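Worksheet for the structure shown next.
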Number of protein chains: 2
Amino acid sequence: MEAMEEEVGGRRRVLDAAAELFVRQGYSGTTLRQIASEAGIKAGSIYHHFDSKEALFVAVLNDGMLVMTDAFDNTAHELASTAAVADHVRGHVHAHLSAVFENGPYTTAHVTSFFGAPAEVRSQVVPLRDSYEQKWNELFEQLFPVANVKDLRLHRLILFGAMNATAEWFDPSGNLSLDQLSTTIARQFLHGVLHD
Amino acid sequence: MEAMEEEVGGRRRVLDAAAELFVRQGYSGTTLRQIASEAGIKAGSIYHHFDSKEALFVAVLNDGMLVMTDAFDNTAHELASTAAVADHVRGHVHAHLSAVFENGPYTTAHVTSFFGAPAEVRSQVVPLRDSYEQKWNELFEQLFPVANVKDLRLHRLILFGAMNATAEWFDPSGNLSLDQLSTTIARQFLHGVLHD
DNA sequence: GTCTATAACATGATAGAC
DNA sequence: GTCTATCATGTTATAGAC
């Protein structure tokens, strides 16, 4: 409270460094010494903030999923209930991609290193992941009342695959903007590549 | 030549074991002892077949990409040049997914563990990957002559993301068949979820 | 072609000083 | 809250017998 500067505590610096390295090298490919080095401390000091490497990874993943959930909820509140289906889809696609690309590596870690993580780690993160995916399922059931639920979940999985894979090739500082990417993905999802 | 039984040589058994473990645990998360154990030999013996762990990984990835390329070429030859655009797309989507799910873990390794692999490994596999992606780019340029090339590459990346992510959730032995999945992805790609 | 044995090093984790 | 020092173990890789 004393200063306006964003005093980044030691714990946060460890989390930041860990998230970035986990994204680039995966869970097993990242060492505590690397994380400590990037956080400006020594490896042993990490254990003052986290009980184990696994616990650190879980903290990163859960932080990331909270960002995703917040982005989804904010978008849902901003959209008028009378908005067109296309606006809802584009808005939530944009929220998801923004969370991946604009909120640091926490959300990206979820996309790139969840699958290869030890089972013990995955099981501790599954609840938040499920809750996020459930929000999308419910959104789709509202937007597409005529479709059957099974097809909707399949379409959602296909959309998620397309969105999350962008973490591996999209460059937010390149020619294509995040807005343009969101619009393209949402339109391809709704109307396909053969639209008008 | 003496027997009909598929005599699986030591080298092939090492490759099979490595591919399966790399898929499940990633490159760094898999040890040579695990690979050797699953192949029925001791860790040191692996070095009779491969110079290093990295060389073994490169061999797995390149084997996988050859399967993908073969699947693409076979499909291209089977399709009549007069076939409808939708048939071409569905056929090649089916070929890609078949390679991922029906030809062992070699192709899946490409999808799940390429991104997190050491840069030195990735650079040795990039040529075959690029050549495969180029086949898709050329296919799209033929199928959609009116669209501009930049948009087509973007749409291909989105489609690839959707297809490759299925490796993380699709169960070929479940209720949904590979044919149904291919048809759904191809139709969503061409016409979107709002089709008829 | 596979084994045993081992070198050389990296890793996650702990204990105690400051 | 961070340090130094260290433990116990796991890791890739090598050398030489069979």
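Since we're looking at a predicted model, the values are computed, not measured. The sequence lines fix the lettering, A, B, ..., with proteins before strands; numbering per chain opens at 1.
- If you check the side chains of A/Tyr106 and A/Asn62, you find no donor sitting under 3.5 Å from an acceptor.
- The side chain of A/Leu32 lies closest to C/dA13 when the candidates are C/dG1, C/dA13, D/dT14.
- Residue-level contact check: A/Lys42 touches the bases, meaning some heavy atom is under 4.0 Å from a base atom.
- A donor atom on one side chain and an acceptor atom on the other are not found under 3.5 Å apart for B/His110 and B/Tyr132.
- Using the six-membered ring where Trp is involved, B/Phe22 and B/Tyr27 have ring planes that are tilted, between 30° and 60° apart.
- Taking the ring pair (Phe, Tyr, Trp, His ring centres under 6.0 Å) definition, one finds that B/Phe72 meets it with B/His92, B/Trp136, sequence neighbours left out.
- Per the geometry, OH belonging to A/Tyr27 stands 13 Å off P belonging to C/dT11, to the nearest Å.
- Note on A/Thr30: only backbone sugar-phosphate atoms sit closer than 4.0 angstrom, heavy atoms only; bases stay farther off.
- Between B/His48 and C/dG1 there is a side-chain polar atom (N or O) within less than 4.0 angstrom of OP1 or OP2.
- Between A/Arg33 and A/His49, the residue anchored nearer the 5' end of DNA chain D, judged by the nucleotide with its closest heavy atom, is A/His49.
- Note: CD1 (B/Ile41) to P (C/dT2) measures 5 Å, nearest angstrom.
- Whole-Å rounding puts the A/Glu54 CD to C/dA13 P distance at 8 Å.
- Judged by a 6.0 Å distance limit and a 45° cone about the ring axis, A/Arg153 is not positioned over the six-membered ring of A/Phe140.
- Spacing between atom OH of A/Tyr47 and atom P of D/dT2 amounts to 15 Å, rounded to whole angstrom units.
- Distance CZ (B/Arg11) to C1' (C/dG1): 14 Å, rounded to an integer number of Å.
- Here C/dT11 presents its C1' atom at 15 Å from CG of A/Leu56, a figure rounded to the nearest Å.
- Within the 4.0 angstrom heavy-atom criterion, base atoms lie near B/Ser45.
- Going from atom CZ of B/Arg13 over to atom C1' of C/dG1 covers 11 Å, rounded to whole Å.
- Between A/Ile35 atom CD1 and D/dT2 atom P the separation is 15 Å, expressed in whole Å.
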